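What you see is a predicted model; the values in this text were computed from it and never measured. Values reported hereafter were calculated over all heavy atoms of this structure, with side chains retained and with hydrogens, waters and symmetry mates removed.
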Amino acid sequence: MRKICEEQVNRVYREEMHDQAYKRLNHELEVIQSMSFSDYFLIVKDMVDYAKREHIFVGPGRGSAAGSIVAYLLGIIEVDPLKYGLLFERFLNPERQNMPDIDIDFSDYRRDEVIRYVSKKYGEDRVAQIMTFGTFQARSTIRELSKVFEIDRDQVAYLLKQLPNHSTSLKELVKRDSSLQETIKNSSLLKEMFKAAILVEGLPRHYSTHAAGIVISNEPLTNYVPVTLGQDLVMLTQYPMQQLEAVGLLKMDLLGLRNLTLLERMVKQVEENEGKTINLKGLSLNDELTYNLLKKGMTTGVFQLESNGMKQALRAIKPNQLEDIVAVNALFRPGPMQFIETFAKRKHQQETVSYIHDDLKNVLKDTYGVLVYQEQIMQAVHQFAGFSYGQADLLRRAISKKNRDAIQEMKEKFFRR
């Protein structure tokens, strides 16, 4: 892995960036090797290389893996973390000892080809897709048990009408609804059925295959977990995802993305009809006509930009550079969503850009003084409290998970600095 990365770093980075890139590369390689994840990176690279050889469309990278220069130099992602100020510790934090998580997108109708390739190459007894369990919810429990207890059809219709579609437990629903309590009290059959329902609710009802996850083992999987035969003769684990991680198996996410299939078809149609070859990686990031469409919110079919709320945000911010599209995507989340208007006004000079503290200018100047990215939180606490990026990531994670105890603990450390 080091050999490949060192060859690439000399090719990709010019003189002014070379030393910084080399320093970052050495740091990442030390962390990856100390956590014994080198083979994981090479396996992911092998999958991506296979897909590209077979002309299967692969996404340019998503999620925290874009913060790794190793992933960039191996060709797993196509986003330069140095250029966009992305932090490695957000992806792989030596202070958290978490499993790396590289999500790879493939065109949806050819994703199975990649899984079959992995299964053949690494051993059909060592590769499996992941089983997920659907459980009995309030409504499905009543539907099934009403057949067993031979409840009158009208009574079943009444009971289902009382139960909302969202997932609230039967116990809670009965406790809250006095008319439902009265109905149950007046029927010994319903009393028995609801006693059984409270026991049955939450139990596995059926199994299916996880939409993206596969596991690869260095030994036959049956040494670790029970398996069954899934689709296309690829095995299926009989443990769900959380239990697989608990026994030390590494999960990889291979996602099938409809938007990549659309892109693939467009490229093929242009080649067939116009005789032109489109290189998607060679497209300009400053195309005025594209930005005009984005400013109008004409983004139906564009990955992550097609909801009505997102279209509204695009019309307010009026992106005219790639960084604006990235910012819109990050702002359109439950936390920072309230700052979309502030960001838009400051971008269009309708409001003065202000900072909580002057020392934050370097961190927030590109986003007009608005905290948009989780990396900015990490950079801010690194600068103010001298946290290492690993510690800063622990705080970021505590905030995103709303873990009050962890936040309080980090807050005390912050003020002690």
Side-chain angles (χ1 to χ4, degrees), residues 101 103 108-109 111-112 115 128-215 221 224-247 249 251-258 304 306-309 333-334 400-403:
D101 186 15
D103 297 341
D108 61 353
Y109 78 106
R111 170 182 168 267
D112 290 347
I115 294 173
Q129 289 184 268
I130 298 169
M131 187 179 280
T132 59
F133 292 100
T135 54
F136 279 100
Q137 300 300 305
R139 292 172 70 84
S140 57
T141 304
I142 295 304
R143 264 200 206 95
E144 298 304 325
L145 284 179
S146 63
K147 296 171 195 170
V148 177
F149 283 85
E150 297 178 349
I151 306 295
D152 177 75
R153 192 177 289 179
D154 291 339
Q155 208 161 30
V156 174
Y158 165 76
L159 290 172
L160 290 174
K161 206 174 176 183
Q162 304 302 107
L163 304 177
N165 284 320
H166 54 79
S167 55
T168 309
S169 73
L170 278 170
K171 219 173 192 175
E172 281 297 309
L173 289 167
V174 173
K175 208 184 274 183
R176 284 187 219 156
D177 192 330
S178 52
S179 68
L180 186 57
Q181 285 174 25
E182 203 58 41
T183 307
I184 295 165
K185 270 180 198 169
N186 292 336
S187 164
S188 57
L189 201 56
L190 285 182
K191 272 186 201 168
E192 287 304 310
M193 186 182 84
F194 270 84
K195 269 184 198 170
I198 284 159
L199 295 173
V200 167
E201 189 183 16
L203 292 177
R205 183 185 183 195
H206 60 266
Y207 75 82
S208 57
T209 305
H210 188 279
I214 65 163
V215 287
L221 274 164
Y224 299 108
V225 294
V227 294
T228 185
L229 205 55
Q231 288 179 326
D232 295 327
L233 303 178
V234 176
M235 290 194 303
L236 195 58
T237 67
Q238 291 192 48
Y239 283 0
M241 200 162 53
Q242 294 78 4
Q243 289 170 5
L244 291 171
E245 286 174 357
V247 297
L249 286 169
K251 175 183 76 75
M252 297 181 182
D253 279 339
L254 279 62
L255 298 108
L257 197 62
R258 180 176 53 93
Q304 292 193 340
E306 54 187 330
S307 71
N308 288 331
R333 299 277 188 280
S400 67
K401 299 278 180 193
K402 298 183 176 67
N403 184 335

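Taken to the nearest 0.5 Å, the OG1 atom of Thr237 stands 11.5 Å off from the CD1 atom of Ile214. One distance of note links CD of Gln238 with CZ of Phe133; it measures 7.0 Å at 0.5 Å rounding. To the nearest 0.5 Å, the span separating CG on Asp103 from CG on Leu257 amounts to 11.5 Å. Atoms CG and OH, from Leu249 and Tyr239 in turn, are 10.0 Å apart once rounded to the nearest 0.5 Å. Considering OG1 of Thr183 and CD of Gln155, their distance stands at 7.5 Å, rounded to 0.5 Å. Note: His210 NE2 to Leu236 CG = 11.5 Å, rounded to the nearest 0.5 Å.
Considering only residues two or more places apart in sequence or on other chains, Asp253 meets the salt bridge (Lys or Arg N to Asp or Glu O under 4.0 Å) condition with Lys251. Annotation: side-chain contact (heavy atoms from CB on, under 4.5 Å) contacts of Gln304 (sequence neighbours excluded): Asn329. Every residue two or more places apart in sequence or in another chain was checked for a salt bridge (Lys or Arg N to Asp or Glu O under 4.0 Å) with Arg143, and none qualifies. Applying the side-chain contact (heavy atoms from CB on, under 4.5 Å) rule to Val234 yields the partners Ile115, Ser119, Gln129; only residues at least two apart in sequence or on another chain are considered.
Heavy-atom minimum distance, Ala212 versus Leu255: CB-CG, 3.8 Å. Of all heavy-atom pairs between Met235 and Leu221, the closest is CE-CD1, 3.9 Å. When all heavy atoms are compared, the tightest approach of Ile130 to Pro240 is CG2-C, 4.3 Å.
Identified under the salt bridge (Lys or Arg N to Asp or Glu O under 4.0 Å) test for residues 203-212, with sequence neighbours left out: Glu144-Arg205.
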Apply side chain to side chain contact (heavy atoms under 4.5 Å, CB included) to the pair Leu190 and Leu159, showing each step before the final yes or no.
CA-CA 10 Å; Leu190 285 182; Leu159 290 172; 3.8 Å; yes
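More than 12 heavy atoms of other residues, nucleotides or ligands sit less than 6.0 Å from atom CZ of Phe149.
Side-chain atoms of Thr135 and Gln137 include a donor-acceptor pair closer than 3.5 Å.
The backbone N or O of Leu160 lies less than 3.5 Å from a partner atom in the side chain of Arg139, making a donor-acceptor pair. Between the side chain of Ser146 and the backbone N or O of Ile142 there is at least one donor-acceptor pair closer than 3.5 Å.
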Please report, to 0.1 Å, the donor-acceptor pairs under 3.5 Å made by any side chain of residues 191-204, with sequence neighbours excluded.
from, atom 1, to, atom 2, distance (Å)
Glu201, OE1, Leu170, N, 3.1
Glu201, OE2, Leu170, N, 3.3

